[in-house]
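Reckoned from all heavy atoms, side chains included, excluding hydrogens, waters and symmetry mates.
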Amino acid sequence: MPTYEMTRSRLAGLPSWGDSAMTALVAGIASGYTEALTVTPFQVIKVRLQAKEHLGRYTTPTDCLRQTLRGEGVRGLLVGLGPTCWRNCVWNAVYFGTMHRVKQFIPQAESKFGSLCITLVAGFLGAVFATCFNAPFDVVKSRFQ
């Protein structure tokens with residue numbers, strides 16, 4: 001089960017939480033941490049292959065991985081983990097919280113297609129809103145890596 005769903009279902013089962021936008025927001029933050037731990041090593045390699053200051057230093061992603069591990073150890077693959085956590089946690093919290101809130105204002109659908117449309121609209125609005133908060137953290141994360 002994904003981190004978001006697991007956290008949301010556990011919090012929703014608590015008497016003081018329930019199925020609320022705050023539950024979705026906190027579950028989004030929890031999923032942002034696990035997401036950051038998973039993606040940071042791959043993003044370090046990607047950013048180093050694209051950055052001007054590293055042009056010509058690496059021939060392939062595997063070469064970049066090998067040189068990073070040799071020169072900096074495993075910690076080299078976690079460069080920028082802090083900003084990545086902030087970026088992912090903020091985005092996930094705003095996205096899932098907004099999506100939950102938007103769905104509260106839209107009448108329940110009577111068909112699977114209607115439910116799909118509601119989820120698409122809520123997801124789109126949540127993503128647009130979350131991106132507004134996410135962009136500064138993304139710039140900082142890329143500068144670190």
Side-chain angles (χ1 to χ4, degrees), residues 1-58 60-62 64-65 67-69 72-145:
M1 181 184 295
T3 306
Y4 171 77
E5 288 297 329
M6 183 179 68
T7 306
R8 189 183 64 75
S9 66
R10 288 199 178 165
L11 288 174
L14 297 174
S16 59
W17 286 82
D19 189 24
S20 66
M22 183 59 76
T23 300
L25 186 138
V26 172
I29 291 171
S31 67
Y33 281 109
T34 57
E35 181 184 5
L37 286 169
T38 304
V39 302
T40 297
F42 296 100
Q43 292 212 339
V44 167
I45 301 301
K46 179 191 79 161
V47 168
R48 287 184 181 191
L49 288 168
Q50 294 173 340
K52 288 180 186 177
E53 60 267 16
H54 297 294
L55 284 179
R57 183 181 298 179
Y58 310 111
T60 65
T62 307
C64 182
L65 173 65
Q67 286 190 44
T68 300
L69 287 173
E72 303 169 54
V74 174
R75 293 184 84 171
L77 294 175
L78 298 175
V79 171
L81 178 62
T84 302
C85 279
W86 277 101
R87 180 193 70 164
N88 292 3
C89 290
V90 166
W91 195 92
N92 287 358
V94 173
Y95 171 75
F96 287 116
T98 301
M99 195 170 163
H100 189 277
R101 197 76 172 132
V102 166
K103 282 184 167 185
Q104 287 179 331
F105 289 108
I106 300 174
Q108 288 288 339
E110 296 180 17
S111 67
K112 280 194 171 203
F113 179 73
S115 180
L116 173 68
C117 290
I118 289 171
T119 299
L120 286 173
V121 168
F124 174 77
L125 293 174
V128 168
F129 194 54
T131 300
C132 295
F133 289 89
N134 184 52
F137 294 103
D138 200 32
V139 170
V140 170
K141 176 210 60 94
S142 294
R143 299 272 167 113
F144 266 83
Q145 293 173 336

Under the side chain to side chain contact (heavy atoms under 4.5 Å, CB included) test, residues paired with Y33 that sit two or more places apart: I29, C85, C89

Residue pair V79, R48: steps toward the side chain to side chain contact (heavy atoms under 4.5 Å, CB included) verdict: CA-CA 11 Å; V79 171; R48 287 184 181 191; 4.0 Å; yes

Approximate separation, where rounding is to 0.5 Å, of L49 CG and T60 OG1: 8.0 Å

Worked verdict on L14 versus R10 for side chain to side chain contact (heavy atoms under 4.5 Å, CB included): CA-CA 7 Å; L14 297 174; R10 288 199 178 165; over 6 Å; no

Distance (rounded to the nearest 0.5 Å) between L11 CG and L25 CG: 10.5 Å

Heavy atoms from other residues, nucleotides or ligands near CZ of R57 exceed 12 (cutoff 6.0 Å): yes

Contacts under 3.5 angstrom, residues 110-129 side chains, donor-acceptor by atom type, not counting sequence neighbours:
residue: S111; atom: OG; partner: G114; partner atom: N; Å: 3.0
residue: T119; atom: OG1; partner: K103; partner atom: NZ; Å: 3.4
residue: T119; atom: OG1; partner: S115; partner atom: O; Å: 3.1

Selection residues 19-42 - residue pairs positive for salt bridge (charged side-chain N to carboxylate O under 4.0 Å, His left out), sequence neighbours left out: R8-D19

Pair S20, T23: side-chain N/O donor-acceptor within cut-off below 3.5 Å: yes

Rounded distance (nearest 0.5 Å) linking atom CG of L78 with atom CG of L37: 7.5 Å

Q104 atom CD, neighbour heavy-atom count above 12 within 6.0 Å: yes

Closest heavy-atom pair and its distance - G76, V44: O-CG1, 3.6 Å

Verdict with reasoning, L77 to I45, per side chain to side chain contact (heavy atoms under 4.5 Å, CB included): CA-CA 8 Å; L77 294 175; I45 301 301; 3.9 Å; yes

Pairwise ring-ring contact (aromatic ring centres under 6.0 Å, His included) hits with a residue in residues 85-104, at least two apart: Y4-F96, W91-Y95

Within residues 75-99 or reaching into it, pairs that qualify as salt bridge (charged side-chain N to carboxylate O under 4.0 Å, His left out) - sequence neighbours excluded: R87-D138

Nearest heavy atoms of G32 and N88, plus distance in Å: O-CB, 3.6 Å

Contact list for residues 89-98, test salt bridge (charged side-chain N to carboxylate O under 4.0 Å, His left out), sequence neighbours left out: none

Distance (rounded to the nearest 0.5 Å) between N92 CG and M99 CE: 12.0 Å

